[in-house]
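Below: the structure, in structure tokens.
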Amino acid sequence: MSTDDAHDPKFGEYGGQYVPEALMPAIEELADAYGRYVLENEDGFMDEFRERLADFGGRPTPLQYAEQLSARYDTDVYLKREDLLHGGAHKLNNALGQVLLAKYMGKERIIAETGAGQHGTATAMAAAHLDMPCEIYMGETDIARQRPNVFRMRINGAEVNPVTVGRGTLKEAISETMRDWATTVENTHYVIGSIVGPHPFPKMVRDFQAVISEEAREQAIEKTGGLPDSVVACAGGGSNTMGAFAEFVSDDGAERSSAKNPSGDEPRGRVDLVAVEAGGSSLTVDEEKGVAPNSATLSTGDEGVLHGARTKLLQDSDGQIMESHSVSAGLDYAGVGPELAHLVDEGRVTPVNVDDDAALEAFHRLSQDEGVIPALETAHAFGYLEENHDELGDTVVVNVSGRGDKDLETVIEETSKRDLDIAPDMSILNRVGGGGI
Amino acid sequence: MSTDDAHDPKFGEYGGQYVPEALMPAIEELADAYGRYVLENEDGFMDEFRERLADFGGRPTPLQYAEQLSARYDTDVYLKREDLLHGGAHKLNNALGQVLLAKYMGKERIIAETGAGQHGTATAMAAAHLDMPCEIYMGETDIARQRPNVFRMRINGAEVNPVTVGRGTLKEAISETMRDWATTVENTHYVIGSIVGPHPFPKMVRDFQAVISEEAREQAIEKTGGLPDSVVACAGGGSNTMGAFAEFVSDDGAERSSAKNPSGDEPRGRVDLVAVEAGGSSLTVDEEKGVAPNSATLSTGDEGVLHGARTKLLQDSDGQIMESHSVSAGLDYAGVGPELAHLVDEGRVTPVNVDDDAALEAFHRLSQDEGVIPALETAHAFGYLEENHDELGDTVVVNVSGRGDKDLETVIEETSKRDLDIAPDMSILNRVGGGGI
Amino acid sequence: MGLERAFADEPAFVPYLAAGDPNYEDSLAYVEALAEGGADVIELGLPFSEPIAEGKTIQDAIVRSLESGMTPDRFFEFVEDLDVDVPLVCMTYYNLIYQYGDSESRSDSGTASGDTASQEGPRPFVEKAAEVGIEGFVVPDLPAEEAGPLREACDEFGLDLVFIVAPTTRGDRLERMMEQVSGYVYVQARLGVTGARDDVDDATEASLARLSDWDVPKAVGFGIKTGEHAEEIVAAGADGVIVGSALVDIVAEGHEDGDSTEAVADRLESLARELKQGAVRGAQERPQPERT
Amino acid sequence: MGLERAFADEPAFVPYLAAGDPNYEDSLAYVEALAEGGADVIELGLPFSEPIAEGKTIQDAIVRSLESGMTPDRFFEFVEDLDVDVPLVCMTYYNLIYQYGDSESRSDSGTASGDTASQEGPRPFVEKAAEVGIEGFVVPDLPAEEAGPLREACDEFGLDLVFIVAPTTRGDRLERMMEQVSGYVYVQARLGVTGARDDVDDATEASLARLSDWDVPKAVGFGIKTGEHAEEIVAAGADGVIVGSALVDIVAEGHEDGDSTEAVADRLESLARELKQGAVRGAQERPQPERT
Ligand SMILES: Cc1ncc(COP(=O)(O)O)c(C=O)c1O
Ligand SMILES: Cc1ncc(COP(=O)(O)O)c(C=O)c1O
């Protein structure tokens with residue numbers, strides 16, 4: 001990253017600032033603050049951010065050798081444990097960065113959208129920590145299916161504003177938050193939850209999340225003596241993805257790097273970057289209904305403009321945005337970060353996808369084999385590992401973007417609809433009785 | 001700790017090995033293994049344990065300065081963030097240690113009891129991580145009120161055996177696990193969940209948990225230049241408590257130590273140790289029904305013998321064990337670790353208690369003011385801080401033994417029964433509809 | 001250019017409706033009623049699934065319109081079917097303009113194809129719009145910085161490109177818009193999204209002052225509801241008033257109450273008349289009625 | 001000492017019932033039926049709320065007994081009310097023995113007092129037990145290492161202290177128990193908790209072999225259910241058989257089915273007789289019937 005980043009809103013063709021005029025001064029102010037505080041560490045912003053990430057967030061997170069999976073795949077598998085971050089997902093890296101930045105900018109109020117509730121939870125926690133009033137927009141449908149996270153936001157003192165428009169999911173919540181921002185822009189900062197939205201959000205969120213790969217790259221060198229052959233991360237908007245990739249992007253040599261260099265030289269070589277999207281129930285879209293039963297934006301989407309940026313989208317031939325679908329609410333989004341779209345076009349990032357069934361299986365596998373219950377979003381990355389470990393080289397880092405506690409109810413329900421050999425029998429809970437989770 | 005510890009089953013009058021004869025060989029074998037592997041680091045056991053605690057568990061956990069609480073109390077308040085440990089509570093320190101020890105001992109099966117489900121969850125995770133079959137005994141009542149943790153155990157591949165005897169809570173689950181062990185002792189290790197039970201459990205569990213205070217003491221010196229004046233921790237069985245106290249027990253000088261020593265000398269002085277028990281709804285017991293509406297064992301209990309050790313107990317005049325009660329399932333136990341009983345008699349640890357109402361308020365306060373949602377168990381420690389911060393000196397470390405995600409349903413229910421000004425309005429969830437959490 | 005003519009003689013009344021709200025036929029009647037009521041320019045909304053700049057009233061209109069089957073192609077038919085003698089402006093979001101050129105994606109169905117980035121950009125949409133008689137565009141999510149390709153296409157086909165100036169727009173950004181704007185400038189009366197409010201904001205006067213040296217007409221919108229509002233705004237120096245939500249409300253209520261098309265059209269026409277007359281009154285009250 | 005006499009002439013049959021199961025009166029009749037059926041020693045359970053060494057059958061008996069109001073004081077009354085001519089052993093957990101002496105805590109009610117550690121230990125309980133005619137104790141959660149104070153009190157009042165030897169007990173621990181045991185030794189036939197099983201375990205023979213040089217009678221328990229079991233066990237060298245769960249099952253079934261006290265007592269008596277006769281047969285089959 002360079003300070004030019006603050007004023008270059010594009011990644012190749014992608015990115016930009018497609019927002020209502022009323023928001024332009026705010027995002028220009030933000031781009032300026034991004035340049036000064038984030039990129040130039042003015043007033044020691046980045047130092048304070050890193051210190052709070054450590055003390056409040058629990059960084060660094062470990063890079064754990066996964067013994068059972070490594071044996072299963074005959075490949076050294078390492079887990080980057082973002083599930084251990086405060087709040088239970090990588091989301092806090094970004095939320096804390098932005099709320100702190102809002103404070104440096106003199107803003108007095110925080111708003112954010114949330115889908116699965118993870119970003120809302122992280123933002124509510126960061127806002128409570130930094131003593132900022134906070135309101136979260138969340139679609140009605142998502143409120144009903146992500147209740148524990150709604151509780152957590154409320155308990156952290158955030159207001160939760162239900163969004164009743166449309167299908168009542170993430171897409172609508174983002175639009176609604178932008179509307180609030182357009183009205184309140186002078187004292188309010190909008191903490192966007194992924195590497196999406198208008199510049200400077202995609203770059204700024206990436207930079208806050210890049211701590212994942214900064215740590216992982218160092219930890220991998222320390223543990224293995226070299227770079228990994230591949231880094232695998234799930235991709236919804238793509239913030240954990242770019243966070244896990246950022247420091248490896250320039251490891252783009254011709255050859256894989258797992259031939260470890262025994263001397264103390266800085267390791268070189270190529271690290272493959274694999275973004276695993278939600279294949280949902282099928283890659284086939286229903287143009288008529290405007291529904292894509294997946295959210296495989298990078299692999300199947302078209303270029304277009306959504307939520308302030310040019311990027312790849314799930315849209316119909318007219319340009320109307322489709323309803324995406326995934327068993328994991330956090331991947332259920334019709335857009336994707338413009339930087340990822342660009343890196344895919346450049347061939348630097350490989351987009352792949354894994355369907356609901358394989359993600360559920362991978363959820364159970366990681367839980368049983370490693371004692372780590374992943375978020376359903378994260379499980380997609382492990383679904384890909386199961387299917388394609390042969391292609392990933394000798395050493396693979398998988399980003400465990402979050403923990404699965406929030407998903408228990410969904411997993412049980414979705415598992416019971418399927419015939420998965422791997423799933424444990426849950427009848428004990430019926431036998432003993434009681435209410436919902 | 002010294003290697004004599006392996007063969008000294010007592011803490012003053014307390015402790016011992018009051019178990020059925022069939023278990024004696026097993027606990028003798030365990031005491032021996034404890035001496036060799038834990039105390040003498042045979043085969044590098046402790047090195048492997050510490051490494052796994054770091055990589056799998058996420059240690060070290062931070063010691064975080066709590067800005068809002070510090071301002072509120074005009075006291076420097078530091079949070080020892082065990083809530084960030086894998087699984088969401090300090091319990092993993094012990095579970096991982098014992099499952100690993102079982103492996104070193106050549107055992108092939110793990111059993112454990114659980115009350116709130118936190119220890120069961122931690123054990124299930126550790127067993128999955130180390131590839132050991134695992135069965136958890138849990139009272140029927142607790143299964144019904146701690147469903148998310150039951151799900152987590154099952155998802156990690158553990159069997160959960162409902163205990164239907166008696167009230168179906170922790171006390172019965174411990175007895176039942178001991179019965180299993182009496183039958184299977186040759187190939188099975190019983191991972192007890194706190195510093196209770198027969199020797200060597202109380203010492204061994206303390207040693208596995210002592211990493212909390214080892215880190216906290218160093219971190220406090222690093223951050224403040226000296227020792228804290230007080231360490232405050234909640235106490236059920238007392239494992240997070242002794243974990244947080246262990247390294248401070250010998251800081252028993254005549255004067256408080258907060259007069260920081262500016263030179264590089266090893267800090268000296270007195271660190272007050274405060275164990276906060278559940279005051280429940282009242283300290284008054286109902287002898288007739290055999291019910292104590294609290295679990296304030298250290299403050300109000302009598303000496304007696306329970307679950308293999310002589311310790312302080314909640315019992316009626318005949319010696320029958322009472323039903324304890326607390327809004328927090330994890331503190332809801334009629335016994336307490338013998339070492340804590342001893343340190344209380346010695347005057348080294350101050351036993352106090354906080355009632356359900358104050359714990360609930362503290363739960364909301366920490367969530368809103370600091371963005372950290374504590375376990376209800378942990379909230380008791382903060383309830384004490386609210387009421388008695390004046391007596392705790394200038395620098396206080398509070399052990400955040402776990403996170404509160406598991407308690408959301410209880411908190412909402414219990415909050416709705418009370419008139420707590422601080423509690424957020426939860427009506428959004430009714431407005432939007434949907435099922436349980 | 002073309003649209004400026006609508007502001008030449010007296011202050012212009014510029015109403016907005018979403019095309020196809022609540023259905024194709026009724027919507028034709030409603031738009032015609034606005035013309036009847038004195039509209040000088042009509043902003044016709046082509047609905048987009050993610051209208052980030054709209055308040056609840058217009059969002060709902062967009063949902064009704066989409067549900068009744070509105071698409072870009074239907075929109076062009078709609079414009080052709082309209083029997084009005086008033087200049088028409090298309091108000092929509094950039095993705096619809098941008099995708100229209102993507103012929104490959106337009107024909108594709110079933111599995112999305114993945115590499116059908118538009119090669120032609122906004123040109124095909126503008127060409128088609130020109131063909132059916134659209135005279136200009138308002139694109140709320142297209143800032144001046146990204147507007148190059150659309151501006152070029154508009155120039156090629158002789159259409160205007162209207163920009164929205166917000167109360168927060170200043171300095172360089174104003175400059176950039178001044179260079180590209182044509183037809184008229186849409187002066188946003190207050191922060192926020194579209195939606196009828198009850199009073200006129202001070203920000204309006206300040207905005208008009210900042211634009212005093214621009215040589216396009218200044219039409220003020222956001223929150224204008226009544227003839228008095230329109231009067232005040234024009235008295236404060238505006239060359240026209242843009243009114244959307246207050247009109248859409250009439251459509252919405254009529255739809256909900258199951259009123260006849262005629263009844264709703266009558267109400268639209270009479271509010272249009274009130275607004276137009278308010279604007280005209282406002283012009284008469286102005287200290288120096290110098291018109292650009 | 002006292003209890004050894006019960007093993008002197010022929011192999012002893014040692015039944016167990018929880019005193020007060022399912023209620024005080026019936027339980028008196030049931031215990032008396034066991035005496036009638038040929039019991040040589042009776043182990044009377046004083047129920048403790050946390051019976052960690054018992055299987056489900058005896059746990060349930062303990063719950064029934066506690067719910068019917070059994071307490072240590074009622075237990076002593078029970079013993080006094082019993083009309084039997086057989087030596088009685090009290091089987092209970094250490095906390096009840098230990099607390100009985102704690103007069104301060106016994107009198108206290110309402111808020112527990114916090115510093116009422118027993119000063120007298122097990123002595124008051126033993127004294128009272130001796131007074132009502134109890135002749136010995138089995139305390140499943142009291143290992144030899146912790147048994148000093150109880151052993152002393154027993155010596156003072158002339159009672160026996162029975163220890164349980166498990167299949168896993170060996171070496172030093174055996175020695176320690178041999179030094180302290182009196183009356184008889186309870187040989188646990190297999191690992192686990194109490195509960196009737198269907199076959200005789202090999203572990204029994206091995207245990208008996210390990211104890212061959214002990215000079216107290218060896219009574220084998222855990223899992224004995226029928227006359228044939230008793231026969232086998234005694235044939236293998238035991239001096240007596242201890243039977244609990246099989247008898248408790250009869251009480252439990254009678255209670256559930258609402259059978260009359262007499263009917264249940266009859267069934268107990270006849271199973272007692274079968275067990276006693278089995279034991280006697282076993283003695284006749286022994287290779288060398290040398291009795292200590
Ligand atoms: C655990 C987890 N992983 C991944 C995602 C997807 O977001 P992103 O692609 O921005 O990392 C989410 C979103 O909620 C999440 O909660
Ligand atoms: C978070 C937490 N804190 C404290 C406790 C109490 O246990 P202990 O007193 O052994 O630390 C529990 C028990 O479940 C717990 O889950």
Side-chain angles (χ1 to χ4, degrees), chain A residues 9 13 16-26 28 164-166 171-172 174-180 182-186 198 282-288 290 292 296-308 310 312-323 334 345 351, chain C residues 47-56 59-60 63 66 71-73 93-100 102-118 125 139-146 163-173 177 186 188 190-193 222:
Chain A
E13 289 281 286
Q17 302 183 303
Y18 296 83
V19 296
E21 181 54 29
L23 289 181
M24 283 303 294
E28 291 198 325
T164 56
V165 194
K171 183 162 80 61
E172 290 83 11
I174 295 182
S175 297
E176 196 61 30
T177 319
M178 287 199 165
R179 286 184 199 106
D180 178 319
T183 319
T184 58
V185 65
E186 279 159 352
S282 157
L283 293 184
T284 311
V285 302
D286 182 339
E287 276 266 340
E288 191 66 18
T297 321
L298 288 171
S299 355
T300 72
D302 276 339
E303 195 190 332
V305 173
L306 176 65
H307 291 144
R310 179 173 300 195
K312 289 184 189 285
L313 302 180
L314 298 181
Q315 53 187 328
D316 68 13
S317 56
D318 287 334
Q320 304 289 9
I321 307 307
M322 293 218 193
E323 283 182 13
D345 282 2
Chain C
F48 177 53
S49 55
E50 313 304 315
I52 57 176
E54 317 302 341
K56 178 135 181 55
Q59 275 179 62
D60 289 346
V63 169
L66 283 173
T71 65
D73 284 326
Y93 286 76
Y94 193 54
N95 200 47
L96 296 188
I97 296 175
Y98 183 74
Q99 291 303 319
Y100 196 78
D102 188 349
S103 52
E104 199 180 333
S105 123
R106 287 189 66 67
S107 66
D108 104 322
S109 63
T111 305
S113 55
D115 57 351
T116 53
S118 167
F125 188 93
V139 189
D141 68 342
L142 188 71
E145 288 76 2
E146 309 285 355
F163 283 93
I164 300 173
V165 171
T168 45
T169 312
R170 292 207 168 67
D172 282 358
R173 298 203 34 61
M177 283 158 80
Y186 186 144
Q188 182 178 331
R190 56 166 61 79
L191 280 180
V193 290
F222 271 56

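Each chain gets a letter, A, B and so on, in the order the sequences are listed, and its residues count up from 1.
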query: Between the side chains of A:Glu303 and C:Tyr98, does any donor sit under 3.5 Å from an acceptor?
result: yes
statement: Across all chains, not counting sequence neighbours, the side-chain hydrogen bond (donor to acceptor under 3.5 Å, both in side chains) partners of A:Ser282 are A:Thr284
query: Quick one: CD on C:Gln59 to OG1 on A:Thr164, what's the gap to the nearest 0.5 Å?
result: 8.5 Å
query: If we only count heavy atoms from C-beta on, is the A:Val305 to C:Tyr93 side-chain gap below 4.5 Å?
result: no
task: With a 4.5 angstrom heavy-atom cut-off, could you sort out which part of A:Glu13 is near chain C: side chain, backbone, both or neither?
output: neither
field: Full working for salt bridge (Lys or Arg N to Asp or Glu O under 4.0 Å) between C:Glu54 and A:Arg179
entry: CA-CA 7 Å; C:Glu54 317 302 341; A:Arg179 286 184 199 106; over 6 Å; no
message: For C:Thr168 versus A:Glu186, what's the shortest heavy-atom pair and its separation?
response: CG2-OE2, 3.7 Å
task: Check whether the side chains of A:Gln315 and C:Asn95 place a donor and an acceptor atom closer than 3.5 Å, and report yes or no.
output: yes
task: With a 4.5 Å cut-off on heavy-atom pairs, point out which of A:Gly16, A:Ser175, A:Pro25 contacts chain C the most.
output: A:Pro25
message: If I measure from the heavy atoms of chain A, does C:Val139 come under 4.5 Å with its side chain, its backbone, both, or neither?
response: neither
task: Please test C:Leu66 against A:Gln320 for side chain to side chain contact (heavy atoms under 4.5 Å, CB included), starting from the C-alpha separation and ending with a verdict.
output: CA-CA 10 Å; C:Leu66 283 173; A:Gln320 304 289 9; 3.5 Å; yes
query: Checking A:Glu176 against chain C: side chain, backbone, both or neither under 4.5 Å from a heavy atom?
result: side chain
- prompt: What residue, out of C:Met177, C:Glu146, C:Arg170, has the most heavy-atom pairs lying under 4.5 Å from chain A?
  reply: C:Glu146
task: Identify which part of A:Leu23 has an atom lying under 4.5 Å from any heavy atom of chain C, answering side chain, backbone, both or neither.
output: neither
Which atom of A:Leu306 lies closest to which atom of C:Glu50, heavy atoms considered: CD1-CG, 3.5 Å
- prompt: Which heavy atom in C:Gln188 sits nearest to a heavy atom in A:Ala22, and how many Å separate them?
  reply: NE2-CB, 3.7 Å
message: Give me the atom names and distance for the closest heavy-atom approach of A:His307 to C:Ile52.
response: CD2-CG2, 3.9 Å
Distance (rounded to the nearest 0.5 Å) between A:Met322 CE and C:Ser49 OG: 10.0 Å
task: Decide yes or no for A:Asp318 and C:Thr71: does some side-chain heavy atom of the first lie under 4.5 Å from some side-chain heavy atom of the second?
output: yes
- prompt: Between A:Glu172, A:Glu288, A:Arg310, which has the largest tally of heavy atom pairs under 4.5 Å with chain C?
  reply: A:Arg310
Straight-line distance of C:Asp141 CG to A:Glu21 CD, nearest 0.5 Å: 12.0 Å
task: Taking ring pair (Phe, Tyr, Trp, His ring centres under 6.0 Å) as the test, write out the residues that go with A:Tyr18, two or more places apart.
output: C:Tyr94
- prompt: Is it the side chain or the backbone of C:Pro47 that comes within 4.5 Å of chain A heavy atoms, both, or neither?
  reply: backbone
